[in-house]
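Throughout, numbering of the chain's residues begins at 1 and tracks the sequence.
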Amino acid sequence: MGVSAVLPACYEVNVLNPSRIWQTGNILRTELPILAIQLVFVVIISRLLFLVYKPLHQPRLISQMSVGFLLTPPLLGRFTEIFTFVYPMTGVLNAEVVANVGVIYYAFLSGLEMNLDTILYVKKKGATIAICGIVFPMVMGPALYLLHRKVYGNGDGAGLEETTMNAYLLWTLVLTVTGFPVVAHTLSELKLLYTGLGRAALTASMISDTYAWILFTLFVPFSINGLAAIYSVISTIIFAIICIFVVRPIVVKVIDRKMERDEWDEGQLLYVIMGLFLCAHITDVLGTHDIVGAFIFGLILPHGKFADMVASYTDDFGGAMLAPCYFSGTGMRLMVKSIFAQPNWPYTLVVILLLCVPKILSTLFATFFFGMKSKDGFALGLLLNTKGAIALIMLNTAWDRSVLSVPSYAVLTSAVLLMTVVVSPAINAIYKPRKRFEQNKLKTIQKLRLDAELRILACVHNNRQATGVIGLIETFNATRLSPIHVFALYLVELTGRGATVVAAHMEKLNNQPGAQNLTRTQEELENIKNTFEAIGDAYDAIRVQTLNVVSTYATVHEDIYNTANEKRTSLVILPFHKQLSSEGALETTNVTYRDINLNVMQSAPCSVGIYVDRNLGSLPKMNFRILMIFVGGPDDREALAVAWRMAGHPGTQLSVVRMLQFDEAAEVDTSSHAEAQGILFVVMDSEKQKELDDECVNSFRLTAVNSDDSITYSEIDVHSGEDIPTVLNELEKFGCDLYIVGQGNRRSSRVFSMLLEWSDCPELGVIGDILASHNFGSSSSVLVVQQYGYGGMFLGKQSNNVTTNSDGFKSLVVKTE
């Protein structure tokens with residue numbers, strides 16, 4: 001039993017007065033309320049569905065299509081009252097107009113985020129993978145379409161389209177498409193954006209998406225109008241050449257000059273919108289499609305600062321409100337029952353699965369010649385199989401021009417949805433299992449050999465923090481025997497249209513034009529890169545590599561985890577969320593920075609240091625004074641190892657002061673872990689920690705203090721909680737440039753547990769919080785160290801508590817997602 005094609009709908013327009021210019025009724029009373037209901041319904045439901053799909057890392061296109069699918073007959077479409085309320089017959093035409101305006105703007109944004117210079121200067125590997133991902137599906141597409149016609153219904157093609165040549169062509173084109181914005185979103189959500197796989201997928205998907213637009217321009221007109229489209233295609237190609245080689249240099253020169261002089265304001269965006277619709281109208285008149293002109297216009301505009309401004313100002317209106325109306329229409333047209341309303345539906349399901357194969361096989365074939373692992377090649381094939389807006393536009397064009405029948409449209413759309421939906425869960429299963437960061441000597445500075453390279457991941461949000469971190473790195477004793485490799489990680493918040501931001505931060509080639517037209521974050525990245533490279537040039541024993549991460553602040557700690565693990569770093573340096581003001585006080589810059597620090601400290605794959613900078617970089621490194629306060633526990637042992645390394649720097653004086661706890665200060669706190677681990681375990685663990693502390697301090701005294709006059713060691717008795725601030729005030733009188741302290745994890749002292757509850761910044765621990773407080777009045781910088789391997793901070797209802805592994809001091813594993 002076949003399913004007949006849907007007949008074209010006719011809309012009745014009542015002409016009330018032919019002699020008037022406006023020949024319809026009062027649109028403010030009849031048309032506008034209906035349109036408002038449709039927009040509100042699509043936007044609200046799509047956002048709710050996006051939140052539902054968020055755990056599965058699905059792109060917005062899926063939630064937007066799901067809105068339309070909800071209104072199909074198997075679901076809410078069964079209730080005529082609901083469907084006619086949202087989409088009455090009189091309001092369908094207006095919804096179509098708004099939807100097409102939305103997709104025109106979406107195509108413009110797609111062109112705006114495609115960096116033409118990156119595409120023209122692409123490397124061989126990315127281009128080869130992208131081309132293979134296009135050629136193989138083009139070869140396999142006709143065979144799969146023929147198989148579909150053979151198996152559907154009774155195998156005679158009944159109920160399918162009669163004209164097969166145009167259907168062959170459009171079916172094949174849809175299989176070749178890759179959605180760059182969707183790939184960028186998927187990689188960002190899965191925290192694979194800055195891995196080798198992520199960089200390869202981004203480059204290949206950008207090229208593939210560009211080729212898809214070219215194929216759309218060249219072949220879609222033929223699939224609709226046959227050979228008569230040759231004149232439309234030729235004229236559109238001429239228009240594109242004129243825009244790229246004649247209009248673009250003029251437009252880029254004018255806009256860049258205005259941007260450099262800060263003469264461009266929001267009001268002048270009207271000219272951009274006018275140019276957008278002018279180019280869309282031209283290609284529509286030429287006979288291709290209005291979105292082609294919109295894409296070309298976005299492609300020729302200057303990227304960087306200008307593109308970032310346009311996208312940020314207009315994305316919410318065009319991309320978040322108008323475009324969903326268009327993509328929801330794709331879901332509304334998806335008649336799934338046409339697949340199952342025929343006897344051979346199991347074979348049709350096999351065809352849908354086979355449609356997902358060509359792009360994956362072609363990518364596997366291409367990556368094999370570049371020496372990539374088969375797992376990486378398969379994952380890359382899955383990513384490049386992701387479909388985006390261009391595929392849906394092709395499908396809607398085929399529907400509007402009756403190129404594909406209802407069953408063929410349903411089969412191909414189902415395959416497109418399957419290709420896009422399964423990517424995130426599949427990649428997540430391959431690359432993001434529950435993994436363990438195994439403890440080894442490279443993860444902590446205490447276990448790192450003195451003649452081994454020290455690898456540091458320095459995270460910064462701006463250039464001022466970069467300058468401060470460099471002042472700290474200079475205090476480390478970098479020599480040819482014990483070099484330092486610094487990975488400077490610039491953290492960029494992902495807001496608005498993700499693919500635009502990601503594209504802006506892809507690797508920039510040196511000789512590309514328009515390099516001066518940088519976004520604010522790109523300018524900051526350039527300044528940070530120059531700042532860190534300066535220390536690399538000044539010291540032969542220090543190597544520097546600048547990286548950047550574009551991510552939401554809520555999940556950026558996962559990017560830090562992955563980068564630290566990939567680079568095999570021993571220490572992650574995080575900037576404190578407060579910075580020194582002109583009055584000399586620490587003021588909060590961004591409270592979100594503190595949340596990032598807390599998240600990193602929870603499950604970092606190596607040791608962590610939070611750096612409170614009080615203009616340390618401005619101090620001379622000769623006669624540089626470091627004071628390390630040792631209380632006890634793994635964090636203090638790691639802090640002592642850091643201070644020990646710094647002590648070898650010429651001109652540095654290190655003083656280590658150990659607080660010996662007696663009486664009340666020596667009482668063991670068994671309340672926090674007694675229920676989970678038992679009082680006996682807590683007491684035994686406390687004794688074990690004291691043994692490790694004594695062993696570490698004795699080794700330091702015998703090896704360092706006795707052989708170097710610039711290193712001193714002393715002990716101070718502490719009997720109660722009141723003695724701790726008193727001791728710190730006494731030490732402050734002697735003065736120092738840098739305090740180094742442990743965060744305090746695994747300390748079992750009841751006094752410190754009580755003081756931690758009153759700390760303003762528990763991530764610094766008791767000692768660090770006092771030293772960084774305004775009331776303490778110190779002008780010295782502070783480095784708070786947390787050692788890897790003993791559990792991180794507990795971020796539950798009471799964020800100031802500290803947790804440990806269930807394995808106690810024998811634990812060698814830290815779990816993370």
Side-chain angles (χ1 to χ4, degrees), residues 456-473 488-495 521 524 528 548-561 563-564 571-604 607-617 635 738-745 756-786 792-796 798-802:
I456 299 175
L457 181 65
C459 303
V460 295
H461 301 274
N462 51 57
N463 191 48
R464 177 175 177 176
Q465 292 177 350
T467 304
V469 169
I470 284 177
L472 177 66
I473 293 175
L489 192 64
Y490 174 38
L491 308 180
V492 183
E493 184 178 14
L494 178 61
T495 57
T521 53
E524 194 74 43
I528 291 172
N548 65 291
V549 163
V550 182
S551 178
T552 57
Y553 278 165
T555 60
V556 73
H557 59 280
E558 297 182 23
D559 295 287
I560 297 174
Y561 291 166
T563 305
L571 179 66
V572 173
I573 298 178
L574 301 171
F576 192 45
H577 67 278
K578 297 180 181 181
Q579 67 182 20
L580 201 64
S581 65
S582 56
E583 289 78 17
L586 289 174
E587 296 181 348
T588 301
T589 53
N590 191 332
V591 70
T592 311
Y593 296 168
R594 182 190 182 190
D595 297 333
I596 295 173
N597 293 347
L598 287 168
N599 289 334
V600 172
M601 294 180 75
Q602 187 181 23
S603 300
S607 294
V608 179
I610 296 185
Y611 176 48
V612 183
D613 180 32
R614 290 190 172 109
N615 289 334
L616 183 67
D635 294 344
L738 175 65
Y739 284 103
I740 300 179
V741 297
Q743 193 275 335
N745 184 22
L756 191 62
E757 296 179 359
W758 294 93
S759 298
D760 293 329
C761 302
E763 68 272 20
L764 299 181
V766 174
I767 305 295
D769 181 73
I770 295 175
L771 296 175
S773 66
H774 177 68
N775 296 330
F776 187 69
S778 176
S779 60
S780 304
S781 300
V782 183
L783 178 64
V784 179
V785 180
Q786 174 185 274
M793 293 194 66
F794 176 71
L795 303 181
Q798 296 178 348
S799 60
N800 55 356
N801 288 340
V802 179

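Residues Glu493 and Val556 are not in side-chain contact: their nearest non-hydrogen atoms beyond the backbone lie 4.5 Å or more apart. Using a 4.5 Å heavy-atom threshold, the side chains of Ile560 and Ile596 count as touching. Counting heavy atoms from C-beta on, the side chains of Val741 and Val785 never come closer than 4.5 Å. Using a 4.5 Å heavy-atom cutoff, the side chains of Leu580 and Arg464 are in contact. Between His557 and Ser603 there is no side-chain heavy-atom pair separated by less than 4.5 Å. Put simply, the side chain of Ser607 reaches to within 4.5 Å of the side chain of Leu571, judged on heavy atoms. You'll find the side chain of Phe576 stays beyond 4.5 Å of the side chain of Val782, heavy atoms only.
Between Leu472 atom CG and Ile470 atom CD1 the span is 10.5 Å, to the nearest 0.5 Å. Interatomic distance, Leu771 CG to Phe776 CZ, rounded to the nearest 0.5 Å: 5.0 Å. Atoms NZ and CG, from Lys578 and Asp760 in turn, are 6.5 Å apart once rounded to the nearest 0.5 Å. Once rounded to the nearest 0.5 Å, the distance linking CG of Asp769 with SG of Cys761 reads 5.5 Å.
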So Cys459 and Gln465, side-chain contact (heavy atoms from CB on, under 4.5 Å) or not? Walk me through it. CA-CA 9 Å; Cys459 303; Gln465 292 177 350; over 6 Å; no
Check step by step if side-chain contact (heavy atoms from CB on, under 4.5 Å) holds for Leu738 and Ile740. CA-CA 6 Å; Leu738 175 65; Ile740 300 179; 4.1 Å; yes
Would Ile456 and Ile573 count as a side-chain contact (heavy atoms from CB on, under 4.5 Å) here? Give the steps. CA-CA 7 Å; Ile456 299 175; Ile573 298 178; 3.6 Å; yes
Take Leu491 and Val460 through the test side-chain contact (heavy atoms from CB on, under 4.5 Å) and record every step on the way to the result. CA-CA 6 Å; Leu491 308 180; Val460 295; over 6 Å; no
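Panel note: side chain Asn599, backbone Asp595; a donor-acceptor pair is recorded below 3.5 Å. Checking side-chain atoms of Thr589 against main-chain N and O of His577 turns up a donor-acceptor pair under 3.5 Å. At least one donor-acceptor pair closer than 3.5 Å links the side chain of Gln743 to the backbone N or O of Pro762. Asn597 places a side-chain N or O within donor-acceptor distance of the main-chain N or O of Pro575, the cut-off being under 3.5 Å. In this structure a side-chain-to-backbone donor-acceptor pair under 3.5 Å is missing from Tyr739 to Leu783. Looking only at distances, a side-chain donor or acceptor of Gln786 sits under 3.5 Å from a matching main-chain atom of Met601.
The side-chain hydrogen bond (donor to acceptor under 3.5 Å, both in side chains) check on Asn590 picks up Thr592, with sequence neighbours excluded. Every side-chain contact (heavy atoms from CB on, under 4.5 Å) that Thr467 has, sequence neighbours left out, goes to Asn463, Thr531. With sequence neighbours left out, the side-chain hydrogen bond (donor to acceptor under 3.5 Å, both in side chains) criterion links Ser779 to no other residue. With sequence neighbours excluded, no residue satisfies salt bridge (charged side-chain N to carboxylate O under 4.0 Å, His left out) with Asp613. Residues satisfying the side-chain hydrogen bond (donor to acceptor under 3.5 Å, both in side chains) test with Asn462, not counting sequence neighbours, are none. Partners of Ala488 by side-chain contact (heavy atoms from CB on, under 4.5 Å), not counting sequence neighbours, listed by chain and number: Phe532, Thr546. By the side-chain hydrogen bond (donor to acceptor under 3.5 Å, both in side chains) test, Ser781 is found to be paired with no residue, residues two or more places apart in sequence or in another chain being considered.
Taking each heavy atom of Ser773 and Arg614 in turn, the nearest pair found is O-NH2, 4.1 Å.
A perpendicular orientation is assigned to the rings of Tyr593 and Tyr553, their planes being inclined by more than 60° (bins at 30° and 60°).
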